[in-house]
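Reminder, nothing fancy here: chain letters follow the sequence lines and each chain counts from 1.
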Protein chains: 2
Amino acid sequence: MKRTKKERQRLLTETIEDNPFVTDEQLASQFGVSVQTIRLDRMELSIPELRERIKDVAAQNYENEVKSLPLDEVIGEIIDIELDQRALSIFDVKDEHVFQRNGIARGHHLFAQANSLAVAVINDELALTVKSNVVFVKPVKAGDRVITKAIVRNRNSEKNRTYIDVVSTVNNETVFKGEFEMYRTKGSGDNNEVSN
Amino acid sequence: MKRTKKERQRLLTETIEDNPFVTDEQLASQFGVSVQTIRLDRMELSIPELRERIKDVAAQNYENEVKSLPLDEVIGEIIDIELDQRALSIFDVKDEHVFQRNGIARGHHLFAQANSLAVAVINDELALTVKSNVVFVKPVKAGDRVITKAIVRNRNSEKNRTYIDVVSTVNNETVFKGEFEMYRTKGSGDNNEVSN
DNA sequence: CTGGTATTAGTACCAAGTGCTAAAAAAACT
DNA sequence: AGTTTTTTTAGCACTTGGTACTAATACCAG
């Protein structure tokens with residue numbers, strides 16, 4: 001009899017969150033209680049059963065994947081996109097993205113979000129970053145919601161290049177900006193013929 | 001009886017690939033055969049049952065999520081460092097770091113390695129990236145071992161800035177280079193508050 | 001001692017299967 | 001056609017990881 005029911009349920013929630021693939025039986029033996037107790041706990045906490053949990057994880061993944069192209073490879077969640085024009089993504093900064101010491105987000109996460117978005121906005125099979133200049137304007141903290149906007153500025157069809165401006169904000173304040181020069185295979189663009 | 005067994009099995013594989021969440025019963029009615037036939041087909045094609053399929057999708061997702069951008073102190077392994085002077089790290093590019101489509105490493109991983117190294121080489125409590133210009137010189141593939149060298153070029157004590165050049169190579173060929181402007185607290189003059 | 005909460009036990013049942021056997025149907029041969 | 005082979009169905013027992021529900025027991029407090 002370790003601790004109170006409350007404490008067990010707290011740990012239970014944590015454990016399952018941490019690893020949704022765990023069965024009631026495993027949980028029972030882990031906490032030294034009966035399977036029924038675990039079931040009761042799950043009910044009280046309205047945590048679904050193993051299969052449902054797994055299905056949720058899978059479905060989540062699948063949704064994103066099904067949504068056309070390489071959206072699943074994006075850091076942050078794309079919430080709006082007009083191919084070859086603009087795109088918007090959200091990225092919630094969590095504890096794991098920041099330096100422990102000062103709670104400031106590591107630069108490469110912001111870069112990753114911006115870079116991903118630059119790749120995603122390009123309407124092409126292959127888009128690679130060639131160059132980028134970025135500025136980390138203001139520190140981002142855990143808990144911040146970073147909204148990143150990518151705008152296609154320019155296309156050079158001869159050199160297969162696309163130039164993209166990216167700005168990230170938190171509460172309407174710019175925290176990061178960058179210019180990305182992207183390489184693309186084709187000049188395919190259904191609705192426009194930008195060349196410059 | 002639509003078509004041959006072969007044809008049905010081809011379609012079956014396709015259907016399941018397309019939507020792993022489908023049950024044998026649904027498949028049976030879709031193809032106008034009995035559930036047993038579907039089971040037989042799955043066996044011959046060694047397609048796992050629904051639950052296993054879902055678990056696979058979920059597990060895959062989970063892996064990716066966890067691995068998406070390692071939050072460890074440094075991306076890549078530091079193999080040599082002289083604080084405030086130079087540092088060297090190794091990063092082995094794995095499948096999870098590349099675009100599935102073309103096997104080319106995603107830019108932000110190279111950036112992350114470089115950025116981490118730039119942070120690490122600075123002998124200070126707090127080091128933040130202020131700006132960076134980077135060039136992705138040559139695509140990096142899964143299996144490549146990226147060796148990244150950071151060299152401290154310059155220090156401006158008044159502005160609490162340090163300038164670092166970073167070059168990444170694979171087999172002695174430059175694949176990435178960048179300049180990083182870093183902010184640091186100490187070194188000369190204390191400054192605890194971050195201003196940009 | 002009486003209550004109330006917490007825990008455990010036990011039963012029936014479900015979904016979506018596996019594994020196995022056997023029979024019926026269809027197709028292929030000679 | 002007659003026989004062999006392949007393909008398809010059917011049926012039953014059993015498995016996992018549960019739900020739903022009932023009943024018993026344990027424990028702690030007033």
What is the distance, to the nearest angstrom, from the [atom1] atom on [X] to the [atom2] atom on [N]?
{"X": "B/E25", "N": "D/dA10", "atom1": "CD", "atom2": "P", "result": "13 Å"}
{"X": "A/D24", "N": "C/dT7", "atom1": "CG", "atom2": "C1'", "result": "15 Å"}
{"X": "B/E49", "N": "C/dG19", "atom1": "CD", "atom2": "C1'", "result": "13 Å"}
{"X": "B/L40", "N": "C/dA22", "atom1": "CG", "atom2": "P", "result": "16 Å"}

* Taking only residues two or more places apart in sequence or in another chain, which ones pass ring-ring contact (aromatic ring centres under 6.0 Å, His included) with B/F111? ->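 Here the qualifying residues are A/F111, B/F180.
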
* Listed by chain and number, what are the ring-ring contact (aromatic ring centres under 6.0 Å, His included) partners of B/F136, not counting sequence neighbours? -> B/F176

Can you list the residues that meet the salt bridge (charged side-chain N to carboxylate O under 4.0 Å, His left out) rule with [X], with sequence neighbours excluded?
{"X": "B/R86", "result": "B/E82"}
{"X": "B/D84", "result": "B/R155, B/R184"}
{"X": "B/E173", "result": "B/K138"}
{"X": "A/E179", "result": "none"}

* Closer than 4.0 Å, any side-chain N/O of A/T23 to the OP1 or OP2 of D/dG17? ->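 A/T23 to D/dG17 OP1/OP2: no side-chain N or O under 4.0 Å.
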
* Contact under 4.0 Å: B/R8 side-chain N or O vs D/dT8 OP1/OP2 -> yes

Contacts under 3.5 Å, N or O only, protein and nucleotides 11-13 of chain C:
none

* To do: Remember a base hit wins even if backbone is also touched, and classify A/V35 as base, sugar-phosphate or nothing at under 4.0 Å, heavy atoms.
  =>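 The answer is nothing, as A/V35 stays clear of every strand by at least 4.0 Å.
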
* To do: Could you tell me whether A/R42 contacts a base, only the sugar-phosphate backbone, or nothing, with contacts defined as non-hydrogen atoms closer than 4.0 Å?
  => sugar-phosphate

Taking the minimum atom-to-atom distance to the side chain of [X], which one of [options] wins?
{"X": "A/S34", "options": "C/dA9, D/dT19, D/dA10", "result": "C/dA9"}
{"X": "B/R39", "options": "D/dT9, C/dT18, D/dT19", "result": "C/dT18"}
{"X": "B/K5", "options": "D/dT19, C/dT18, D/dT8", "result": "D/dT8"}

* **Residues that B/N154 engages under side chain to side chain contact (heavy atoms under 4.5 Å, CB included), provided they are two or more places apart** =>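 Partners of B/N154 by the side chain to side chain contact (heavy atoms under 4.5 Å, CB included) criterion, ordered by chain and then number, come out as B/Y163.
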
* At how many degrees, to 10°, do the end axes of the helix from C/dC1-D/dG30 to C/dT30-D/dA1 meet when each uses five pairs? ->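 Taking the rotation axis at each end, their angle is 0°.
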
* Structure fact -> Per-nucleotide protein contact along nucleotides 22-30 of chain D, 5' to 3', at a 4.0 Å heavy-atom cut-off (B base, S sugar-phosphate only, - neither), is ---------

* **Co-members of the apolar cluster containing B/V135 [side chain, <4.5 Å]** =>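 Members besides B/V135, by chain and number: B/V137.
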
* Which pairs count as salt bridge (charged side-chain N to carboxylate O under 4.0 Å, His left out) when at least one residue sits in residues 21-35 of chain B, sequence neighbours excluded? -> B/D24-B/R39, B/D24-B/R42

* Between A/T129 and A/S132, is any side-chain donor less than 3.5 angstrom from a side-chain acceptor? -> no

* Can you find a side-chain donor-acceptor pair between A/S168 and A/Q113 that sits under 3.5 Å? ->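 Side chains of A/S168 and A/Q113: no pair found under 3.5 Å.
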
* **No-H, no-angle donor-acceptor pair, A/R51 side chain to D/dT16 base, under 3.5 Å** =>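 Answer is yes: a donor-acceptor pair is held.
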
* To do: Could you tell me whether A/E14 and A/R10 have a side-chain N and a carboxylate O separated by less than 4.0 Å?
  => yes

* Start at the 5' end of DNA chain D and walk down; is the nucleotide closest to A/L50 or to B/V33 reached first? ->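 It is B/V33, whose closest nucleotide lies nearer the 5' terminus.
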
